[in-house]
S.K.: 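The structure is given below, and queries will be raised subsequently.
Just so it is clear, the values below take in all heavy atoms, side chains as well, and ignore hydrogens, waters and symmetry mates.
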Amino acid sequence: MFSYEKIGFSNLTSAPAVERVVEFSPSGIDAAAIVRVLSLAADGKAVSAEAGDGYAEVSGRVNFRLVYVNRDGEAAGADYNADFSLRVEGDFTLNDSVVADVTVLEADVAAGDSLTFSAVISVKASCVRREEINVLTDAEQCYKTTEALTLPVLVAAKTVSVPVSDEAEAGEVDRVVLCDGQAVVTATSAENGKVVVEGNVSAAVSYVEDGRLETVRFEIPFTEEIIADGAEEGDRVSASAVVRNCKIVLAGVTGANIVRFEADVAVRALVTRMSSTEVVDDLFMLTNETDITRQTAAYRVFCGQNYISEKVTGTAPLGDRPDAQSVIAVPYARCTVARTERTDSGVTVEGVLTADVVYRDENGLNSVRAEVPFSFEKTGDYGDNLTACCLVERVSAKARRGTDIDIDASVGIMLSSYCEGASSYVAEVVAGAEKEQNTAAISLYIAQEGDTMWELCKALTATPDEIMGQNPALTVPLKEGERVVYFRALGL
């Protein structure tokens, strides 16, 4: 009599971010050889993420890259990795496939008797969990109404490696001291059997040329077609990009080198679709009472992405330091988004741009870390529950009056929105006691405004065909006070 069907859907589960301090003291380095720190770049990545009941164990690595002045007054570089592991508490189960993202919020280095690196990292863990519900899809010998039950379904999940490269002319390169790269997704789309992800890699390479510190910046756009079986035009695509590793290749001839930047970008794409199934919404039987159990399927689903770009300017004061004679390079720059908030007309974004500016003063090479806050508003529909990924598209600096360093940059921010939803459904129906039969030869129903055939059938204990057969001019919904008469053929 009652037919049920198991319906699967995908539910995005995310845990609150966990912050942790990672410290590392490398062995085999003479800290006294570091006369002055010029720049410190730090990036984090997750190596593994394993789910347990109520938590996720995340292991990862922080890469510290240092630019400093040595005893000879020359710029030099060092590269170290520090491993970490931590537990992220959240709504995870043992069978979940968890992914984790690591962001370095701030980093520092102390050079005393030994060299000590430290970084504050933020770790976010999430998973897309497949859930099943048992839904009433048909009911015989009943009057029933149906509706579309709409739930999110994960169509495909793919991670691919995208190679990118670019090159720039240089003079005589003595050595490379820093390679720094970051990536962001700028646009996504779904097509039949594939998704297209567009992004941008922003990189800086610092090197010593004829004894001078130089920095060249690369802005490398990329487009990648990812095979995704089952994907269709109109599906929702959530994508992220991370520079997995990068290297520098020196080519050319003596005195006219070519600095070539090469990187592998890990692009992760999730394809979701809102899928609808026709199910029974409500029912009643003419002969028996019914006990209906309703349940709700709650879910969190990706809604969309918007990429915005904005100019950021600010000043880094040198305080009581000697005046800056000239700016040499900006070897490291990052931006972090501290707050995103929906407004009536769009979204407000607040964050901080951090940049290491190397300059020359009367004592030689020196540096200052500039922290430039930014805040801007954008009009448009940006959805709810926003998360942000930020990239420094362009940055430059110049000395002003010798006492200040002016920063001129543009930041690109990918805003991803997530929607909370819930769909109600009939999970179980039990046929109860037999109804007392109406023995009246005639029944009269006086309608309330907006009554439908559903209310009529329940009140008169009759099918729609029987009611319409006796009231062919009837139109629903009914008007206030409208009368419906129903005659029964009673047995003698």
Side-chain angles (χ1 to χ4, degrees), residues 26-43 63-81 107 109 111 115 117 163-182 201-220 243 245-264 321-322 324-334 355-370 392 394-399 405:
S27 59
I29 183 171
D30 182 8
I34 301 175
V35 176
R36 185 179 298 111
V37 172
L38 297 178
S39 180
L40 175 63
D43 289 299
N63 180 218
F64 296 97
R65 301 180 302 283
L66 182 67
V67 181
Y68 62 94
V69 177
N70 60 22
R71 290 193 183 97
D72 299 326
E74 299 174 335
D79 192 320
Y80 300 98
N81 289 315
V109 59
L115 190 66
F117 295 98
V164 299
S165 63
D166 199 2
E167 60 186 33
E169 296 180 355
E172 184 65 28
V173 178
D174 300 328
R175 59 189 175 276
V176 175
V177 296
L178 179 65
C179 174
D180 182 45
Q182 52 185 321
V201 174
S202 178
V205 177
S206 299
Y207 56 92
V208 176
E209 176 187 324
D210 297 330
R212 305 184 312 274
L213 180 66
E214 302 282 352
T215 296
V216 59
R217 295 196 65 86
F218 297 97
E219 304 299 325
I220 312 172
V243 174
N245 54 67
C246 58
K247 66 178 181 178
I248 302 302
V249 179
L250 297 179
V253 298
T254 302
N257 294 156
I258 294 174
V259 177
R260 181 175 178 82
F261 171 84
E262 297 180 353
D264 285 328
R321 301 183 185 189
Q325 297 172 352
S326 61
V327 170
I328 304 301
V330 185
Y332 173 78
R334 284 291 187 276
D356 289 342
V357 182
V358 179
Y359 61 92
R360 187 176 298 279
D361 60 21
E362 60 187 23
N363 299 316
L365 292 178
N366 209 336
S367 68
V368 62
R369 171 153 285 191
V392 179
R394 174 191 58 81
V395 63
S396 62
K398 65 179 181 180
I405 302 292

S.K.: Of the non-hydrogen atoms in S202 and E219, which two are nearest, and what is the gap between them?
M.R.: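 Heavy atoms only, the tightest pair is OG-OE2, 3.2 Å.
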S.K.: Is there a side-chain contact between V259 and I248 in this structure, where contact means two heavy atoms from C-beta onward sitting under 4.5 Å apart?
M.R.: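 A side-chain contact exists here, since the closest heavy-atom pair is under 4.5 Å.
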S.K.: Mind checking the OG-CD1 spacing from S206 to I328? Nearest 0.5 Å is all I need.
M.R.: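 One finds 11.5 Å between OG of S206 and CD1 of I328.
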S.K.: Among residues at least two apart in sequence or on other chains, which ones pass ring pair (Phe, Tyr, Trp, His ring centres under 6.0 Å) with Y332?
M.R.: none
S.K.: Using modelled atom types and a 3.5 Å cut-off, is there a donor and acceptor pairing between side-chain atoms of R321 and backbone atoms of S367?
M.R.: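 Yes, because the side chain of R321 sits within donor-acceptor range (under 3.5 Å) of the backbone of S367.
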S.K.: Can you give me the closest heavy-atom contact between V243 and A263, atom names plus distance?
M.R.: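 Heavy atoms only, the tightest pair is CG1-CB, 4.2 Å.
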S.K.: Let me confirm one number: the CG-NZ distance from D264 to K247, rounded to the nearest 0.5 Å.
M.R.: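 Result: 8.5 Å between the selected atoms.
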S.K.: Do L365 and L38 make a side-chain contact, defined as non-hydrogen atoms from C-beta onward lying under 4.5 Å apart?
M.R.: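 Contact flag for L365/L38 side chains = yes.
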S.K.: Drop me the distance from D174's CG to D210's CG, to the nearest 0.5 angstrom.
M.R.: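 Output value for this atom pair is 6.0 Å.
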S.K.: Report yes if some heavy atom in the side chain of P26 is under 4.5 Å from a heavy atom in the side chain of L115; otherwise report no.
M.R.: yes
S.K.: Suppose we screen for side chain to side chain contact (heavy atoms under 4.5 Å, CB included). Which residues come up paired with A329, at least two apart in sequence or across chains?
M.R.: T215, P331
S.K.: Are any of the side-chain heavy atoms of V368 and Y359 separated by less than 4.5 Å?
M.R.: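 Yes. Closest side-chain heavy atoms under 4.5 Å.
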S.K.: Distance alone, cut at 3.5 Å: any donor-acceptor contact between the side chains of N81 and N63?
M.R.: yes
S.K.: May I ask you to test the V358-V330 pair for a side-chain heavy-atom distance under 4.5 Å?
M.R.: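 SC-SC contact between V358 and V330 ruled out.
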S.K.: Quick one: list whatever passes side chain to side chain contact (heavy atoms under 4.5 Å, CB included) with E362, sequence neighbours left out.
M.R.: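 For E362 the side chain to side chain contact (heavy atoms under 4.5 Å, CB included) partners, ignoring immediate neighbours, are P322, Q325.
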S.K.: Take V35 and N70 through the side-chain contact (heavy atoms from CB on, under 4.5 Å) test and state the conclusion after the steps.
M.R.: CA-CA 5 Å; V35 176; N70 60 22; 5.7 Å; no
S.K.: Rounded at 0.5 Å granularity, tell me how far CG in N257 sits from CD in E169.
M.R.: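 These two atoms lie 10.5 Å from each other.
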S.K.: Shortest non-hydrogen contact from D356 to S39?
M.R.: OD2-OG, 2.9 Å
S.K.: Could you walk me through whether V173 and V208 pass side-chain contact (heavy atoms from CB on, under 4.5 Å), step by step?
M.R.: CA-CA 6 Å; V173 178; V208 176; over 6 Å; no
S.K.: Quick check: do C246 and F261 have side-chain heavy atoms less than 4.5 Å from each other?
M.R.: yes
S.K.: With heavy-atom distances below 4.5 Å as the criterion, would you say the side chains of S396 and K398 are in contact?
M.R.: no
S.K.: Can you give me the closest heavy-atom contact between V177 and A75, atom names plus distance?
M.R.: CG1-O, 4.0 Å
S.K.: Using the side-chain hydrogen bond (donor to acceptor under 3.5 Å, both in side chains) criterion, which residues pair with R71? Sequence neighbours excluded.
M.R.: D30
S.K.: In chain order, what residues pass the side-chain hydrogen bond (donor to acceptor under 3.5 Å, both in side chains) check against E172, with sequence neighbours excluded?
M.R.: none
S.K.: For D166, what residues pass the salt bridge (charged side-chain N to carboxylate O under 4.0 Å, His left out) criterion, not counting sequence neighbours?
M.R.: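 Residues passing salt bridge (charged side-chain N to carboxylate O under 4.0 Å, His left out) with D166: none at all.
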S.K.: Does D180 have any salt bridge (charged side-chain N to carboxylate O under 4.0 Å, His left out) partners at least two apart in sequence or in another chain, and if so, which?
M.R.: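 D180 satisfies salt bridge (charged side-chain N to carboxylate O under 4.0 Å, His left out) with R65, R334 once adjacent residues are dropped.
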S.K.: Apply side-chain contact (heavy atoms from CB on, under 4.5 Å) to the pair V205 and F218, showing each step before the final yes or no.
M.R.: CA-CA 8 Å; V205 177; F218 297 97; 3.8 Å; yes
S.K.: Answer whether the closest heavy-atom distance between the side chains of Y80 and L66 falls below 4.5 Å.
M.R.: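 Side chain of Y80 against side chain of L66, heavy atoms only: no contact under 4.5 Å found.
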S.K.: Who pairs with A107 by side chain to side chain contact (heavy atoms under 4.5 Å, CB included), at least two apart in sequence or on another chain?
M.R.: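 Scan of A107 (side chain to side chain contact (heavy atoms under 4.5 Å, CB included), adjacent residues dropped) gives L40, A42, V104, A119.
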S.K.: Looking at residues at least two apart in the chain, or sitting in another chain, which of them share a side-chain hydrogen bond (donor to acceptor under 3.5 Å, both in side chains) with E262?
M.R.: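 For E262 the side-chain hydrogen bond (donor to acceptor under 3.5 Å, both in side chains) partners, ignoring immediate neighbours, are R260.
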S.K.: Would you please test R217 and V395 for side-chain contact (heavy atoms from CB on, under 4.5 Å) and show each step?
M.R.: CA-CA 9 Å; R217 295 196 65 86; V395 63; 3.6 Å; yes
S.K.: Please enumerate all residues that pass side chain to side chain contact (heavy atoms under 4.5 Å, CB included) together with E209, with sequence neighbours excluded.
M.R.: A170, Y207, R212, E214
S.K.: Taking side-chain hydrogen bond (donor to acceptor under 3.5 Å, both in side chains) as the test, write out the residues that go with D361, two or more places apart.
M.R.: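 Once residues adjacent in sequence are excluded, the partners of D361 under the side-chain hydrogen bond (donor to acceptor under 3.5 Å, both in side chains) criterion are N366.
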